Every structure is written in C-alpha cells, then in structure tokens.
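Quick caveat: nothing in here was measured; it's all calculated off a predicted structure. Numbers here are sequence positions counted from 1.
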Amino acid sequence: MCMCVSLFLLSTLAMEKCVGFIPLRIGTLLIDLWFFLIYLADVVTGLLGSNAVMVYSSQGNRAWYIVGYLLSVSVSVVGLSRLLFGSYRSLARVFGILLWGCCVLSFTKYMVSLVLMWVHRTGLVHSCRRSGLVGLGNTHVPLAQAVLSDTGFYSPVARYPGTLTEKAMPAAECASAITAFLVTFAVLGLLVQCLQVHFAMVGMSYAHVLSERHARHHRLRDEQIKDFEESRYRMVASSSTTY
C-alpha cells in the first residue's frame, strides 16, 4: 500500500507534460489501449475457458461468471470509446470520469474474485485433483465443483485421455499450486490496480488539458466576435457621421 501511495505522489510530478518520458497524448493513447486490449483478452480467455480467475471464482457462485464477464466487457468498451472519441475536447471530462469508473469496476472484480477463490480454495484443490490446473492447455467452460472421496479406491484420480480427468494432479501438488496461484493473483492484481489508478490520474490530467484548450478556444472566439461587432459599429458610426 505504501508503494501505491508513493507511486501516486510521484505521478503528480510533471504530469501536465508527460508520462515518464512519454508525451501526455501518446501516454493517454497507450492507457486507452491497455484498458481495451487487456480486458478484451480477459473476455476472450474467459469465453474459451482458459482464464483461471474467471473459472475458479465462478465455482462458488455461478452468477459471478456472468457478472465478471460483463464487468470486463464494460471496461473494454470504455477503452475502445476513449480510443475513438477521447480526443474530442467537449467529451474530455466525461471520458476522464469513465476512466475512474473503469478502475472501480476492475477493483471490484479483483476483490470479489479473490474473496470467492479464497473462501472456496478447498473446492479449487478438488477441481485441480480431478481436472488439473486451468490454463491455455487445459480449458473448461464452466468448471463445476468436484466432489472427491479420499478413500484409497478413488485417490489418486485416474487419468483417462479425452475425459475430464485427463490432466488430473495429485492432491499435494494441487494444494501447493492453488496456494501459489492465489498468492500470485493477489500480489499482481494489487499492483495492476495501483497502476490503473495512476493511469486514471494521467487520464484526468489530459482531460484537464483538453478542457482548458476547449475553454480557451471559446474565449478567443467570443473575443473575436466582440472585436468584429465593435469594429463594424465604429465603421457604421463613422459612415453616418460623414454623411
């Protein structure tokens, strides 16, 4: 958490000009690509059954599979919308707020998924013993909770090619693998959330720059119109005086 606070404090330095060594406009474009592509990949892998977080977190609550899927779709759509329309000055503040909304949705999905997987970690171990770890080479959509018996007749689970138990793993390996998976997800997920909050701060900074330019443009236009009206009035007045 201290690292997150330090990151936020450092990110405020020279944020009006750049993101690190990257110009603010290009940095904002990369941020929009991040939210679009990362969460699009989350959606695609979830549909294919290779997204372990989606598969495992929905074992304890099937409705969460749909909710988590919709959250990722929403964030990806916002990222795409910012890519297409984020440069419009009149919409700058709206898209800046939407970027913070993406952070809220992402953090919600992270926390709920982590809690569900931790509460049902025993079920995850059973599923691993029956079907192995979910991944690119071991897809499941969805993966129902496994009910296993620890009697000598059923343990370990027999592997049969082409069936659900083809990639079954021993209980000890599954317990350590699931624990490592949960710890890795918790740490990396927290780092990603901190990074995305920094992204939202950069996005709001860019929105502020666009809004200032939009306001400056309108002020300049109003001054030009006022000067034109005054000059025309003086011309008319001088013409009437001559005649």
Visitor: For residues Leu105 and Ser74, report the shortest heavy-atom separation together with the two atoms involved.
Guide: CD1-CB, 4.0 Å
Visitor: Which heavy atom of Tyr65 sits nearest to which heavy atom of Gly46, and what is that distance?
Guide: OH-O, 2.8 Å
Visitor: Any side-chain heavy atom of Arg129 within less than 4.5 Å of one from Pro170?
Guide: no
Visitor: Taking only residues two or more places apart in sequence, or in another chain, which ones meet Val104 in a side-chain contact (heavy atoms from CB on, under 4.5 Å)?
Guide: Thr108
Visitor: Atom CD1 of Ile31 and atom CG of Leu195: how far apart are they, to the nearest 0.5 Å?
Guide: 8.5 Å
Visitor: Compare all side-chain heavy atoms of Leu116 with those of Trp64 and state whether any distance is below 4.5 angstrom.
Guide: yes
Visitor: Kindly write out the residues that satisfy side-chain contact (heavy atoms from CB on, under 4.5 Å) with Ser72, not counting sequence neighbours, or none if the list is empty.
Guide: Tyr39, Asp42, Val43, Met54, Lys109
Visitor: Should we count CG of Leu70 as having more than 12 external heavy atoms under 6.0 Å?
Guide: yes
Visitor: Does the plane of the ring in Phe199 sit parallel, tilted or perpendicular to the ring in Trp34? Use 30° and 60° as the thresholds.
Guide: perpendicular
Visitor: Mind listing the closest non-hydrogen atom pair of Ile178 and Arg121 along with its distance?
Guide: CG2-O, 4.4 Å
Visitor: Taking all non-hydrogen atoms of both residues into account, name the closest pair between Leu83 and Phe36 and its distance.
Guide: CD1-CD2, 4.0 Å
Visitor: Taking the side chain from Gln193 and the backbone from Phe107, do they hold a donor-acceptor pair closer than 3.5 Å?
Guide: yes
Visitor: Can you classify the ring geometry of Phe185 versus Phe181 as parallel (below 30°), tilted (30 to 60°) or perpendicular (above 60°)?
Guide: parallel
